[in-house]
2 protein chains.
Amino acid sequence: MGSGRVTSVTTLPLLSDAVVCCPPLSSAPLPADAAVPLAQAFSALSDPVRLRLLSLLMTADGGEICACDLVEPVGRSQPTVSHHLKALRDAGLVIGTRRGSNIWYAVVPEQLAALRAVLAPAG
Amino acid sequence: MGSGRVTSVTTLPLLSDAVVCCPPLSSAPLPADAAVPLAQAFSALSDPVRLRLLSLLMTADGGEICACDLVEPVGRSQPTVSHHLKALRDAGLVIGTRRGSNIWYAVVPEQLAALRAVLAPAG
DNA sequence: GCCCCCTATCGACAACCATCAATGTATAGG
DNA sequence: CCTATACATTGATGGTTGTCGATAGGGGGC
């Protein structure tokens with residue numbers, strides 16, 4: 001990888017506090033305070049545009065796509081796409097890395113795995 | 001099961017059309033029209049009360065709980081709990097069965113598995 | 001038939017959310 | 001410094017959603 005010269009690389013701030021850790025719903029009754037961040041995480045998946053963005057990133061070869069190449073495929077305005085990318089970032093589902101004047105997005109597979117684990121059936 | 005005499009049994013209507021089938025996001029870019037029902041399904045998981053209801057059902061022994069026993073644990077009014085149970089029913093995540101004057105709810109594990117599959121990483 | 005319990009539905013209200021146009025901020029190139 | 005490009009943020013707006021009180025409807029017991 002690295003097909004072009006890169007002058008600066010910055011990782012955008014990521015709300016790692018929002019990252020969900022994983023007791024399955026089936027292990028014990030979910031306490032009210034644990035339910036809130038979990039619901040926020042699933043809320044990030046509750047929009048068609050965000051699901052499509054995730055899918056685009058997951059199927060991208062190299063595992064990342066420039067933000068500029070995400071606008072046209074989902075058929076929304078640039079600010080709207082930026083808004084959804086922020087939602088995904090805040091949920092810890094994607095990460096953005098600046099390279100030159102572009103920002104490349106990639107999924108955070110651990111976070112997806114955590115959500116999957118929450119839905120796992122009983123032992 | 002079957003600790004008491006049952007005079008009538010009715011299965012509440014279930015929107016099986018809303019049931020999600022399972023191509024993982026990682027298999028191909030998600031088309032716009034497929035994204036909508038999927039987003040609705042995840043939307044059912046995007047509320048703390050609904051997550052707690054699901055968790056209560058999943059941890060219940062016998063796998064089901066009377067609706068009357070779901071109100072107090074989640075700390076919401078009866079109409080609100082009923083509203084959330086309808087949302088979970090519409091998403092195909094739970095099913096309600098009338099027995100006498102009570103309605104017993106249980107999770108639909110296949111539907112949870114389908115949502116888990118959607119989040120699965122690339123082969 | 002009457003009454004009580006259980007559950008769903010209705011109506012209302014406040015809070016939240018997706019969307020876009022306009023604007024702001026940062027980086028790259030001259 | 002100036003301009004162009006890429007992305008984020010702001011502000012406004014219409015639609016959706018969570019919540020509760022009040023009400024309706026279905027069952028069982030008497």
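The model shown is predicted, which means the values in this text are computed figures rather than measured ones. Residue numbers begin at 1 in each chain, while the letters A, B, ... track the order of the sequences.
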Would you tell me if any nitrogen or oxygen in the side chain of [X] comes within less than 4.0 Å of OP1 or OP2 on [N]?
{"X": "B:Arg99", "N": "D:dG27", "value": "no"}
{"X": "A:Ser101", "N": "C:dT27", "value": "no"}
{"X": "B:Thr80", "N": "D:dG18", "value": "no"}
{"X": "A:Tyr105", "N": "D:dA6", "value": "no"}
{"X": "B:Arg50", "N": "D:dG18", "value": "yes"}

Interatomic distance, [X] [atom1] vs [N] [atom2] [rounded to whole Å]:
{"X": "A:Lys86", "N": "D:dA8", "atom1": "NZ", "atom2": "P", "result": "10 Å"}
{"X": "A:Asp90", "N": "C:dA18", "atom1": "CG", "atom2": "P", "result": "12 Å"}
{"X": "B:Asp69", "N": "C:dC6", "atom1": "CG", "atom2": "C1'", "result": "11 Å"}
{"X": "B:Asp47", "N": "C:dA15", "atom1": "CG", "atom2": "P", "result": "17 Å"}
{"X": "B:Ile103", "N": "C:dC5", "atom1": "CD1", "atom2": "C1'", "result": "13 Å"}
{"X": "A:Glu72", "N": "D:dA6", "atom1": "CD", "atom2": "C1'", "result": "17 Å"}
{"X": "A:Arg98", "N": "D:dC7", "atom1": "CZ", "atom2": "C1'", "result": "7 Å"}
{"X": "A:Arg52", "N": "C:dA18", "atom1": "CZ", "atom2": "P", "result": "16 Å"}

* Asked: What's the verdict on side-chain contact (heavy atoms from CB on, under 4.5 Å) for B:Leu119 and A:Leu45, showing C-alpha distance, side-chain angles and the deciding distance?
  -> CA-CA 10 Å; B:Leu119 302 181; A:Leu45 299 175; 4.0 Å; yes

* **Base D:dA6 to side chain A:Gln78, donor-acceptor N/O within 3.5 Å cut-off** =>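 No pair found.
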
* Asked: When you match B:Leu85 and A:His84 each to their closest nucleotide on DNA chain C, which lands nearer the 5' end?
  ->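 That would be B:Leu85.
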
* Assign B:His83 to base, sugar-phosphate, or nothing according to its heavy-atom contacts below 4.0 angstrom with the strands shown. => base

* Could you walk me through whether B:Leu88 and B:Tyr105 pass side-chain contact (heavy atoms from CB on, under 4.5 Å), step by step? => CA-CA 10 Å; B:Leu88 290 171; B:Tyr105 277 93; over 6 Å; no

* Asked: Can you check whether B:Ala120's main-chain N or O pairs, donor with acceptor, with B:Ser26's side chain at less than 3.5 Å?
  ->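 Side chain of B:Ser26 to backbone of B:Ala120, a donor-acceptor pair under 3.5 Å: yes, one is there.
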
* Name of the residue among A:Leu53, A:Thr80, A:Asp90, A:Val49 meeting side-chain contact (heavy atoms from CB on, under 4.5 Å) with A:Leu85 ->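 Single pass found, and it is A:Leu53.
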
* To do: Compare every heavy atom of B:Ala35 with every heavy atom of A:Arg52, then report the nearest pair and how far apart it is.
  =>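 In terms of heavy atoms, the two residues are closest at CG-CB, 3.7 Å.
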
* Between B:Leu112 and B:Met58, is a side-chain contact (heavy atoms from CB on, under 4.5 Å) present by the stated rule, with each step listed? -> CA-CA 11 Å; B:Leu112 273 181; B:Met58 292 176 84; 3.7 Å; yes

* Taking only the side-chain heavy atoms of A:Arg76 (C-beta and beyond), determine which of C:dT19, D:dA6, C:dA8 contains the nearest atom. =>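 From the listed options, C:dT19 comes nearest.
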
Could you list, one pair per line, each protein nitrogen or oxygen that sits under 3.5 Å from a nitrogen or oxygen of nucleotides 12-14 of chain C, together with the distance?
none

Distances for protein N/O vs nucleotides 10-15 of chain D N/O pairs under 3.5 angstrom?
none

* NE2 of B:His83 to CZ of B:Arg76: how many Å apart, nearest 0.5 Å? -> 11.5 Å

* Asked: If you round to the nearest 0.5 Å, how far is CD of A:Glu64 from OG1 of A:Thr97?
  ->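 So the OG1 of A:Thr97 and the CD of A:Glu64 are separated by 6.5 Å.
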
* Asked: Do B:Lys86 and B:Ser82 come close enough that some side-chain heavy atom pair is under 4.5 Å?
  ->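 Side-chain contact under 4.5 Å: no.
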
